[in-house]
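First the structure, in the form of structure tokens, and then the observations on it.
The residues of the chain are indexed from 1 along the displayed sequence. Computed from heavy atoms alone, side chains included, the values below leave out hydrogens, waters and symmetry copies.
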Amino acid sequence: MNQPLRLALVTAILAAFSVSSHAADDAPAVTISGFGTAALTAADTDDVEYARFNQAAGVGNSPRAGVDSNFGIQGTAKINNWLSLTAQGLARKNARDSYGAELSWAFAKFKVNDEISIRVGRIGMPVYMISDFRQVGYANTMIRPSQEVYGQIYGDSYDGIDAMYQHNFGDTTVTAQVGIGKMSTKITSDNRVEYKPATTIHIVAENGPFTVRFGRADAKVSLQGSETLDGLLGTLRRVGMDKVASDLSVTDVDGSFTSLGFTMDYKNILVQSEYAVRRTDSLVIHDTTSYYTMLGYRFGKITPYYYYGNVKQDSDRAYAGLPSTGPLAALSAGVNTAMKAGLQSTNALGVRWDFHKSAALKVQVDRIKPRDGSGTFLNAKPGFRDAVNVYAAGVDFVF
């Protein structure tokens, strides 16, 4: 079944449930909601393309709607006091360089008691501060999450099971979540990354306007279908560089992602920050440290904000001892290219206007400075090293 048809089918099923819930008193109580963003994005150059981490192509000088636009619909059917069913469909620009639809959530939730619940099915993977609502632009101050932090893990959800415990300790609410599952998501049209099994720990403490969050995910990671990497590893083995090939291989390698986040919404002052560390046993999925901080102030319905994000590589960016001259020099260059993460920093200014109770207009300008390469930009022209301005304006809405 193709993706647009899958989303249409989910929507139809949810609508049918809704009709039945009004038609019979004993039918499940169904609630349906939706969200979306209609935005235009452009850069100040055609030397590179700016895109989100899950997209195969981006924008240059000509404004396009695909980078920051999406549409989602979610339905929840409450079967009884202890069982509910939830499904969420999402349409957006994807790794095939086209608009596609995906079933991002589809789980059953079992309420054990007032503090403990269990979910089974396709669940949002809780690796970030805003994992559960990062696609819901209206729920976020910025027009998009930090590329520096949120581009470190591919995929939004996994198929598995999790358990959640929530308890009030005085004025502080603590939520602890543990889960296990597997995820497979496309990076480009011809390759995908797999996490199986993946285990997650997610702990959140909320006290008034303050929220602190800790997350940890561990997985066996594999990269499937990459002709470029497979060709490089095959060549290395043919010339006797088996150790180099083993160090670059991405087949069931251990990987982890640890993050710490903080938010504050106090007397019109907004603060949101995350710090994240990625580690793997492959030199191709690089060890990184990334962070961002967003500061804003709410003037009635107008919220100006500033954001800074950065990512640095902790693993080596070159393989020591490889030949730099002779017939293997080109192969060495290929190895060193594969070992380099996209490094960059971003300064951004934006403003949000809540002109309607369920809609907000946002305008944001990012100044992105790549380091030692083209950063996370796509299709960079040879020798590109310049800073790039990215402009975006859009309307976020919920219903």
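- A centroid separation of 6.0 Å or more is found between the aromatic rings of Tyr150 and Phe53.
- A salt bridge links Asp114 to Lys111: at least one charged side-chain nitrogen sits closer than 4.0 Å to a carboxylate oxygen.
- Connection of Leu270 to Val204 is not established within any shared hydrophobic cluster, with ILVMFWY side chains joined at heavy-atom distances below 4.5 Å, either directly or through further cluster members.
- Between Asp252 and Lys220 no salt bridge is recorded (no basic side-chain N to carboxylate O distance below 4.0 Å).
- With hydrogens and angles disregarded, a donor-acceptor distance shorter than 3.5 Å links the side chain of Arg317 to the backbone of Ala341.
- Residue pairs that meet the salt bridge (charged side-chain N to carboxylate O under 4.0 Å, His left out) test with at least one member in residues 327-339, sequence neighbours left out, do not exist here.
- For residues 82-94, the pairs satisfying salt bridge (charged side-chain N to carboxylate O under 4.0 Å, His left out) are Arg92-Glu102, Arg92-Asp156, Lys93-Asp97, with sequence neighbours left out.
- A salt bridge links Lys362 with Asp396: at least one charged nitrogen is closer than 4.0 Å to a carboxylate oxygen.
- Contact check on Asp159 versus Lys182 returns no salt bridge, with no Lys/Arg side-chain nitrogen under 4.0 Å from an Asp/Glu carboxylate oxygen.
- By the 4.0 Å N-to-carboxylate-O rule, Asp314 lies close enough to Arg279 to be salt-bridged with it.
- Taking 4.5 Å as the limit, some side-chain heavy atom of Met142 sits within range of a side-chain heavy atom of Met294.
- A salt bridge links Arg52 to Asp68: at least one charged side-chain nitrogen sits closer than 4.0 Å to a carboxylate oxygen.
- Between Arg298 and Asp265, at least one side-chain N (NZ, or NE/NH1/NH2) sits under 4.0 Å from a carboxylate O, which counts as a salt bridge.
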